[in-house]
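Just below is one structure, and these are the notes that go with it.
Chain letters run A, B, ... following the sequence lines, proteins first, then strands; residues in each count from 1.
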Amino acid sequence: MKRKQQKKMHNIKDIRNDFENFKERLKNRNIDINLDNILSLDEENRKLIQEKEKFEMEKKSISKSKDQSLFEKSKELSLKIEEINKNQIKLQNRINDILSSIPNIPLSDVPVGQDENSNKEIEKKGEIKEFNFVPKSHYELGDKLNMLDFDLATKTTGSRFVFVKKELAQLERAISNFMIDTHTQKNGYTEISPPLIATAETMFGTGQLPKFENDQFEIKLDEGDERKFLIPTAEVILTNIVKNQILEKNELPIRVVASTPCFRKEAGSYGKDTKGMIRQHQFYKVELVSIVENDKCTEELERMSNSATMILDALKLPYRKIVLCTGDMGFSAEKTYDIEVWLPSENKYREISSCSSCGSFQARRMKARYKGQNNSKEFVGTLNGSGLAVGRTMIAIMENYQTEDGSILIPDVLKPYMPNIDKISIN
RNA sequence: GGAGAGAUGGCUGAGCGGUUGAAAGCAUCGGUCUUGAAAACCGACAAAGGGGCAACUCUUUCCUGGGUUCGAAUCCCAGUCUCUCCGCCA
């Protein structure tokens, strides 16, 4: 039988064999990489490999012959090989840099488009409440309640951080617990409490490196010389649990959930959402990750996004689900659903979850495989999604459940998590 | 922080400086047998990369990076990780 060829990142062979097709499929992704010279680099690279291997073969036969008279010759060969090898590795690295900066290829049913204007709404649910007063923003509410303190955060830490206090802090915790309980009890996810720090290799696996280093917080540990980063999302650490592994088929699917802080520099979003806690350097998120057989990605994406919307249904928050177009998707995704929740103060929907199938893109970077039919080693499929962003869920609850006097009602499903309280008000 | 032990294929685990890409076992796959299964027996079974339409063939890889040597899984140096013991502290 045919052996499946192993790939890493994008496979140069595939690109070589069908360059036009490859370019075509990527052209809608808004990439700024010059693909044209990769073929000539590849050709030169292979020439060097051939040259090197010719000398290696010669050297090998000398050492096998144990013919002392040829030993001098062998030394010379070593020098030549070393020389060629140096150049070849340099070239190979250049090619790998390019390859590892090329995003995933969109699935064929993903709408084509440049930016968010081409995203397609596919579902809208929940009733948008009519207020008989002007609804306040979450930061106005939080300020009035004296439970969201941005100034204090600025004093201790800097901008884009917040102190959440008193009942609101309790609410944040309740939201997180409710989500985890739902996903573990109803949706078949296993709870994990992972490290919040990842190695550079781990970050590469899910696609945060090398391209998006600017958005990551690097931290310094004394030990070792491997670079380490605060996770921008639990996706990084949860997906990489299968890194460098060959799984048995019956170990799949793996479904895990974790509630973790996430750390992002938010570089390039300077003027955006500067007020309130929509966009922070640090925020809590409940993350869902699925590792599946690579032909099960599509159905798993539906399952995952349904797990996410289940939370919004339970909280009775109005939302809509959209498919991101080719130009708006993240680097590693082949298809993405964004779920957006209604925010009365902004009079529009705002992202509260993003669920992506990455196909085998991350698996190739992580070298995560499983044994398929006839022992063939297949790359796993990976998916990740927020289930949901905790801070933004709190915002949505505050704004949608506010009353005229600035109090916030507690959604029914959260009441067991907030004993003795059915609303949050100034005390 | 101090003292040791170790890192080899999907897993367990041998390995003398020169047919060792690597024994053996397990797992897996194919076959014989069986009504079917199990057992037993026979066979196959690492990856990446290059060349070739193909049969096939070549190179590299025994934690990582250097070094010694005509030749390194095997010797030397540095690093990483894991385990055990002692101390210390959440």
Side-chain angles (χ1 to χ4, degrees), chain A residues 1-18 38-100 193 195-205 220-229 237 240-252 254 291 293-294 360 363-380:
Chain A
M1 287 304 185
K2 294 140 205 91
R3 176 178 292 144
K4 281 271 147 49
Q5 52 197 352
Q6 300 297 333
K7 312 173 196 171
K8 50 178 181 173
M9 305 169 285
H10 285 290
N11 190 347
I12 185 72
K13 266 191 197 165
D14 295 345
I15 299 175
R16 194 191 299 152
N17 290 339
D18 202 353
I38 194 164
L39 287 187
S40 57
L41 290 176
D42 173 52
E43 198 172 328
E44 197 182 333
N45 184 236
R46 283 183 294 151
K47 209 174 287 173
L48 288 179
I49 289 171
Q50 286 171 44
E51 210 177 327
K52 176 176 77 171
E53 289 188 352
K54 201 183 73 194
F55 289 133
E56 277 170 343
M57 194 157 61
E58 205 175 328
K59 185 178 156 185
K60 208 171 174 177
S61 77
I62 290 177
S63 99
K64 261 190 180 149
S65 73
K66 303 183 201 172
D67 180 346
Q68 290 209 20
S69 67
L70 293 172
F71 286 177
E72 270 314 302
K73 172 98 193 271
S74 179
K75 277 186 183 174
E76 284 170 31
L77 285 172
S78 292
L79 292 175
K80 273 192 208 168
I81 290 169
E82 201 182 334
E83 174 78 23
I84 297 170
N85 199 34
K86 229 169 52 194
N87 293 327
Q88 194 262 319
I89 284 174
K90 239 196 274 176
L91 196 49
Q92 186 73 59
N93 286 340
R94 238 177 107 190
I95 293 170
N96 286 348
D97 282 350
I98 295 173
L99 289 179
S100 58
S193 174
L196 306 178
I197 292 171
T199 62
E201 187 186 90
T202 297
M203 297 281 280
F204 177 86
K220 221 179 162 86
L221 294 182
D222 278 341
E223 52 183 68
D225 48 18
E226 169 121 56
R227 303 174 66 200
K228 299 205 159 103
F229 299 84
I237 204 88
N240 274 283
I241 57 180
V242 294
K243 175 174 84 169
N244 288 332
Q245 243 189 297
I246 299 183
L247 300 156
E248 298 295 334
K249 196 171 174 176
N250 62 21
E251 293 178 82
L252 301 175
I254 296 170
I291 316 285
E293 292 171 48
N294 55 24
S360 56
R364 272 177 267 140
R365 298 170 77 100
M366 295 188 296
K367 298 194 191 73
R369 290 165 291 176
Y370 69 101
K371 287 191 229 170
Q373 288 306 318
N374 294 327
N375 255 356
S376 67
K377 284 161 192 97
E378 312 275 353
F379 286 106
V380 298

Could you tell me the Watson-Crick or G-U partner of B/rA72, where both distances fall under 3.5 Å? Say none if there is no partner.
none
Under a 3.5 Å limit on both distances, the Watson-Crick or wobble mate of B/rC45 is none
Within the structure provided, determine whether A/I15 and A/L99 are in side-chain contact (heavy-atom separation under 4.5 Å).
yes
Watson-Crick or G-U counterpart of B/rC89, or none if no pair lies under 3.5 Å:
none
B/S/- contact track for nucleotides 51-60 of chain B, protein heavy atom under 4.0 Å:
S------BBS
Looking at B/rC70, I'd like to know if its phosphate oxygens (OP1 or OP2) sit under 4.0 Å from a side-chain N or O belonging to A/K75.
yes
Taking the minimum atom-to-atom distance to the side chain of A/K371, which one of B/rG10, B/rA47, B/rG71 wins?
B/rG10
Once you apply the 3.5 Å cut-off to both distances, tell me the Watson-Crick or G-U wobble partner of B/rU12, or none.
B/rA24
Side chains of A/T199 and A/N240: closer than 4.5 Å at any heavy-atom pair?
no
Measure the distance from NZ on A/K367 to P on B/rC63 and round it to the nearest whole Å.
16 Å
If you look only at distance, which donor and acceptor atoms sit under 3.5 Å apart when one is on a side chain in residues 79-87 of chain A and the other is two or more places apart or in another chain?
from	atom 1	to	atom 2	distance (Å)
A/N85	OD1	A/K52	NZ	3.1

Any side-chain heavy-atom pair of A/I98 and A/L41 under 4.5 Å:
yes
Please state how far atom CD in A/E248 lies from atom P in B/rU28, giving the value in whole angstrom units.
8 Å
Any strand: nucleotide that pairs with B/rU82 via Watson-Crick or wobble, under 3.5 Å:
B/rA5
Residue A/S78, side-chain atoms from C-beta onward, closest of B/rA46, B/rG71, B/rG50
B/rG71
Taking the P atom in each of B/rC89 and B/rU82, what is the distance between them to the nearest angstrom?
23 Å
Within the structure, does a side-chain N or O atom of A/K59 lie under 4.0 Å from either OP1 or OP2 of B/rG71?
yes
When you compare the side chain of A/D18 with that of A/D14, does any pair of heavy atoms fall below 4.5 Å?
no
With both distances kept under 3.5 Å, what pairs with B/rA40, Watson-Crick or G-U wobble?
B/rU32
Compile the donor-acceptor pairs under 3.5 Å between side chains in residues 58-67 of chain A and protein atoms, sequence neighbours left out, one pair per line.
from	atom 1	to	atom 2	distance (Å)
A/E58	OE2	A/K73	NZ	2.8
A/K59	NZ	A/S78	OG	3.0
A/S61	OG	A/E58	O	2.9
A/S63	OG	A/K60	O	3.4
A/S65	OG	A/I62	O	2.7
A/S65	OG	A/D67	N	3.2
A/D67	OD1	A/S69	N	3.0
A/D67	OD1	A/S69	OG	2.7
A/D67	OD2	A/S69	OG	3.4

For RNA chain B, whose closest nucleotide is more 5', that of A/S74 or that of A/I246?
A/I246
Separation of B/rC70 C1' from A/F71 CZ (nearest whole Å):
4 Å
